[in-house]
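Sequential numbering from 1 along the given sequence is applied to the chain's residues.
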Amino acid sequence: MEKEHFLSLVERYLDNTATPDEKILVEAYCDRMGEKKYSVFSPEQEETLKTRLLFKIEEDLWGDQKLDTNKARRSRFVLPFRWLAAAVILIIVGTALFLIKPNKLQTPVQIDYASRILAGGDRAILILGDGSKIDLGKADKGHIADQRGQEIKKTAEGRLVYDLVASDLSAESSKVTFNTVITPNGGKFQVVLSDGTKVWLNSASSVRYPSTFSKDNRVIELEGEGYFEVAHDSSRPFIVKTGKQHVEVFGTHFNISAYDDDGMTRTTLLEGSVAVRPLVSSGSKYSRIARLVPGQQSQLKGTELLVNNVDAEAAIDWKNGKFIFRNESLKSIMRKLSRWYDIEVDYKGNVENLPFGGRISRSKNLKEALRILTLTGDVNVKVEGRRVTIMP
């Protein structure tokens, strides 16, 4: 390596065209020499850095026989032997510092975005009847609000609960007030309604419900996905409305997935029984009603309603903190990952319908979640920021 080669190396470092190994060499030497590393250089700083590096290499090798800085700016030649020796010193010092003291180097490596994208958590917004909003993820445990004879609290476990504090309500205070809980991408939350029914909300979902149910029925509205453990009450049916169907129960455990971008509404029964009533655009019910038994799932796509036996565990994997994929299309898998990790997904090539299987904890970072896709060798994944590109 002669002087021109070394100067070229420094220049490539300055204009960000150096290879990773070349950047390591320059930064290692800067670190040893105590030179400041800039993220942006002015022309004067570039020339100063090159001159100082040349000067300090000379100083390292020949002590008092220093390179005159003015000559360094003008001269285009230094004895090849001395520059070869300088290059050797640079390589040895840089490599040693990188191997022995990596914590002291500012090594410019490619950012591993996937490992930096962490799993979602308990995040949601509560919208009260008066329109006020409360960030449930940041709210302290304990009392949150009072509403028409009820106290709204956040438990130590992070659930939202409604406690009746006044049984004799005036006509004004007994008016129905609706609350809404909304989870963002990367969020989930659990709500315990006034009747004791437990609702788990998945990411990008919402549930709208009265703070106190009427004496005749219990009706709530769901968007996205929710798992329900309905408190038994034979005198008041529990009805879950989505944009495409009504589900009526008295006391049971079931899951509804009604994301618009899925193109299908799935209702999966784990315990008890439910009646699934599809709706037409006018809001009237179809003549067909699907009555499910445990282990069955209704699938409503357009006007077609099918009932199949399914693996209920896989249907509620999200509620149990898992991803379980069983011969599922890549596009379906990535929709689930995009909601939980709050990412955007692009596809290159014909890969969207490739089937995959596997399971992984939802507590893992995105890199670990994507690993089950890349292990097959069928696809490659590129992550930049929060955008994921899937390609052959």
*Taking the six-membered ring of Y259, is the NZ or CZ of R266 close enough (under 6.0 Å from the centre) and on axis enough (within 45°)?*
no
*So if you build clusters from Ile, Leu, Val, Met, Phe, Trp, Tyr with side-chain heavy-atom gaps below 4.5 Å, do Y341 and V381 land together?*
yes
_Using the rule that Ile, Leu, Val, Met, Phe, Trp and Tyr join whenever any side-chain heavy atoms are under 4.5 Å apart, tell me whether I256 and I316 fall into a single cluster._
no
_In one Ile/Leu/Val/Met/Phe/Trp/Tyr side-chain cluster, 4.5 Å: Y113, L366_ = yes
*I324 vs E313 side-chain heavy atoms within contact, under 4.5 Å*: yes
*How are the rings of Y162 and Y209 set to each other: parallel, tilted or perpendicular (split at 30° and 60°)?*
perpendicular
*May I ask you to check whether over 12 heavy atoms, not counting those of D140, lie within 6.0 Å of atom CG?*
no
_Going by the rule ring-ring contact (aromatic ring centres under 6.0 Å, His included), which residues pair with W200 if we only count those two or more places apart in sequence or in a different chain?_
Y227
*Got a salt bridge between R236 and D216, using NZ or NE/NH1/NH2 to carboxylate O under 4.0 Å?*
no
*asked:* If you count every heavy atom of other residues, nucleotides or ligands that lies below 6.0 Å from E223 atom CD, does the total exceed 12?
replied: no
*Got a salt bridge between R386 and E344, using NZ or NE/NH1/NH2 to carboxylate O under 4.0 Å?*
no
*Can you check whether D346 reaches V388 side chain to side chain, under 4.5 Å on heavy atoms?*
no
*Any ion pair linking E221 and K241 (charged N to carboxylate O, less than 4.0 Å)?*
no
*Cluster question for you: counting only ILVMFWY and a side-chain heavy-atom cut-off of under 4.5 Å, with indirect links fine, are M334 and V379 together?*
yes
*Does E304 come within less than 4.0 Å of K301, counting only side-chain N to carboxylate O?*
no
*For E384, does the CD atom have more than 12 heavy-atom neighbours from other residues, nucleotides or ligands under 6.0 Å away?*
no
*asked:* Using a 6.0 Å distance limit plus a 45 degree cone around the ring axis, check whether R218 lies over the aromatic ring of F238.
replied: no
*Could you tell me whether a side-chain N or O of W340 sits under 3.5 Å from a main-chain N or O of S203, the two making a donor and an acceptor?*
no
_Note: R339-E225 ion pair, threshold 4.0 Å (strictly below)_ = no
*asked:* Under a 3.5 Å distance rule, please check whether D130 uses its side chain to pair with a backbone N or O of S132 as donor and acceptor.
replied: yes
*Counting heavy atoms not belonging to K198, are there more than 12 under 6.0 Å from its NZ?*
no
*Compute the centroid of each ring, for F356 and then for F325, and state whether the two points are separated by less than 6.0 Å.*
no
*More than 12 heavy atoms from other groups under 6.0 Å of CG on D135*: yes
*Thinking salt bridges, do D112 and K382 make one under a 4.0 Å N-O criterion?*
no
_Under 4.5 Å between side-chain heavy atoms, counting indirect links through other Ile/Leu/Val/Met/Phe/Trp/Tyr residues: same cluster for V191 and W318 or not?_
no
